[in-house]
S.K.: 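Structure provided below as structure tokens; questions to follow.
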Protein chains: 2
Amino acid sequence: MSPSRPPMQLFVDRLLDRSMLGAAETEALLSLGGREVQVRAQLDIVPPGEEATSAWLVVDGLLGRFGQVIDGRRQITALHIAGDMCNLHALVTPRMSGALQALSAATVIRVDYRDLRHLVRTFPLIAEAFWRDCAAQASILSQWLVNIGRRDAQSRLAHLLCELAVRFEQARLGNRRAFRLDASQVHIGDALGLTAVHVNRVFRVIRDKGLVGAESRTILIHDWAGLAALGDFDEAYLHMKSHIVADALTSA
Amino acid sequence: MSPSRPPMQLFVDRLLDRSMLGAAETEALLSLGGREVQVRAQLDIVPPGEEATSAWLVVDGLLGRFGQVIDGRRQITALHIAGDMCNLHALVTPRMSGALQALSAATVIRVDYRDLRHLVRTFPLIAEAFWRDCAAQASILSQWLVNIGRRDAQSRLAHLLCELAVRFEQARLGNRRAFRLDASQVHIGDALGLTAVHVNRVFRVIRDKGLVGAESRTILIHDWAGLAALGDFDEAYLHMKSHIVADALTSA
DNA sequence: CGACTCATTGAGCGAAGTCAACGTCCGTGG
DNA sequence: CCACGGACGTTGACTTCGCTCAATGAGTCG
């Protein structure tokens, strides 16, 4: 945001949340090139079926990765907020990227896979950090599967809101009591495997319960404990404490 | 299986399906230690909430990774067949393993993370292959999310059967017209976000349509095209053509 | 045989979907 | 300035897919 903080610092911070990197690695990451692009809402950054050729760092806005079903309905498989590097996994599996869309107007930085591969080959710690980042994404994906497969609509929505609250807080984009979520109810439905109509009704219910509120696009969580209980939410899957990482790095 | 083919060869074959490895890497993988264990059906190899300390190579049988909901219902988030290395992702994220259970009687080999980390630090190509394996798992996870989130029960079941058919065929454990699936209808339900009762009914419907059949635990796919159409199945997400991998290795 | 697991089938219910209408906000252009 | 259109949110009436509860078969193992 401020001129003294290059956008790539966002991504470095994200990696440092989970992995240990030395000065050389940090510097190499910060010197990554990449063109900053403004995209409008609803733009397909990577259209369905297309092979990924670059990763996308979210500087501002909300992005969604999604899959499509034959009848045109879609399922969002990941939500990406500022600091997330989208399609990092496709660095090793370019065929399996999935589509990527801006859900709100957004600022992203295109980072070419060639540059990332160079970093990965040069710095084993960066390779490990990228791998860990992908594993963390997969962990979220697992939770989403449990959420959609085995919880009813109220719990689903509560769980998603809790997850986003924690992630926004971690990314220093708000806290778990208030954060700006630039997604329409259609998007929320696509993320939860529900229709927008039902999202609307269910949101009303948990609002009437006094758990949450909304002011334009800002989500207010009035009763964190209640919402977490309703969503059966345990934030462990989002975190990776540094002592574990340290252990992973020093053992062997 | 045969004495001349060490079990670890199964895993090497799996990696070679997607990644390029040299003789040194192959040899290092084959010399991995690990104790072979027989486990009975329904045994929790890694109980819920426990931190992973080793990976598990499936030699024979069927394993499931799953998450639990507060009321005791569960969602299988991955099915692992012979040749799969379970919990490889937790090598970098030990906290995020999820529970692991044998769905049938199974033979597995416990591979300590220390040994795997040593390999990863010594051979960058192995690190990349492991990372790619995790990304491929995540790709399957994405498809499952789409499947559960946006398809009705018939399509869900059809899609899962198609996926398993292709995976068993790839693993040379049968072909896409006939393969042995050691999962009960309860397990299938847990994988699809359905109840066992409904799985039973839906299986009857697609059987009556002439798409599939079953003899004890062997699934027979009578009409591949029909089943793939019903399940909206595109096997691209399971494959990784070698020329792509080669590109990934040579560029940069 | 008895105990157990798994598959099968029926009856009734309820959560979520579908279809449709209407309201609100906001940007845009005459 | 206001009229118009479009995107999004809200609500109601009705339908339906999948769940719950329950009973019964079928196969297997000690």
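Numbered from 1 within each chain, the chains take letters A, B, ... in sequence-line order.
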S.K.: Are any side-chain N or O atoms of Gln101(A) and backbone N or O atoms of Gln42(A), one a donor and one an acceptor, separated by less than 3.5 Å?
M.R.: yes
S.K.: Whole angstroms only, please: what is the CG-P distance between Leu181(A) and dC8(D)?
M.R.: 14 Å
S.K.: Tell me, please, the opening and closing nucleotides of DNA chain C, 5' to 3', among those with an atom under 4.0 angstrom from a non-hydrogen atom of chain B.
M.R.: dC6(C) to dA11(C)
S.K.: May I ask you to decide whether Arg151(B) forms a salt bridge with Asp232(B), counting only side-chain N to carboxylate O separations under 4.0 Å?
M.R.: yes
S.K.: If you pin Arg150(A) and Gln185(A) to their nearest nucleotides in DNA chain D, which one's is more 5'?
M.R.: Gln185(A)
S.K.: Just the rounded figure in Å: distance from P of dT28(D) to CG of Asp182(B).
M.R.: 13 Å
S.K.: What is the distance, rounded to the nearest whole Å, between atom CG of Asp71(B) and atom C1' of dT20(D)?
M.R.: 13 Å
S.K.: Charged N to carboxylate O under 4.0 angstrom, Asp190(B) versus Arg150(A)?
M.R.: yes
S.K.: Have a look at Arg207(B) and say if it touches a base, only the backbone sugar-phosphate, or nothing, with a 4.0 Å heavy-atom cut-off.
M.R.: sugar-phosphate
S.K.: Can any side-chain N or O of Asp234(A) pair as donor or acceptor with the backbone N or O of Ala236(A) at less than 3.5 Å?
M.R.: yes
S.K.: Are the side chain of Asp182(A) and the backbone of Leu62(A) linked by a donor-acceptor contact shorter than 3.5 Å?
M.R.: no
S.K.: Would you compute the distance between atom CG of Leu194(A) and atom CG of Asn200(A) and round it to the nearest 0.5 angstrom?
M.R.: 12.0 Å
S.K.: Salt-bridge test for Arg204(A) and Asp208(A): reply yes if a basic N is under 4.0 Å from a carboxylate O, no otherwise.
M.R.: yes
S.K.: Within residues 187-206 of chain A, find the residues that approach DNA chain D with a heavy atom at under 4.0 Å, and present them sorted by residue number.
M.R.: Val197(A), Asn200(A), Arg201(A), Arg204(A)
S.K.: In this structure, how many angstroms lie between the C1' atom of dC19(D) and the CG atom of Asp152(B), rounded?
M.R.: 16 Å
S.K.: Taking only Lys NZ, Arg NE, NH1 and NH2, and the carboxylate oxygens of Asp or Glu, determine whether Glu235(B) and Arg176(B) approach each other closer than 4.0 Å.
M.R.: yes
S.K.: Select base, sugar-phosphate, or nothing to describe what Gln154(B) touches, counting heavy atoms under 4.0 Å on all strands.
M.R.: nothing
S.K.: Work out which heavy atom in Thr93(B) is nearest to a heavy atom in Ala135(A); give both atom names and the distance.
M.R.: CG2-CB, 3.6 Å
S.K.: So what does Arg217(A) touch, heavy atoms closer than 4.0 Å: a base, only the sugar-phosphate, or nothing?
M.R.: sugar-phosphate
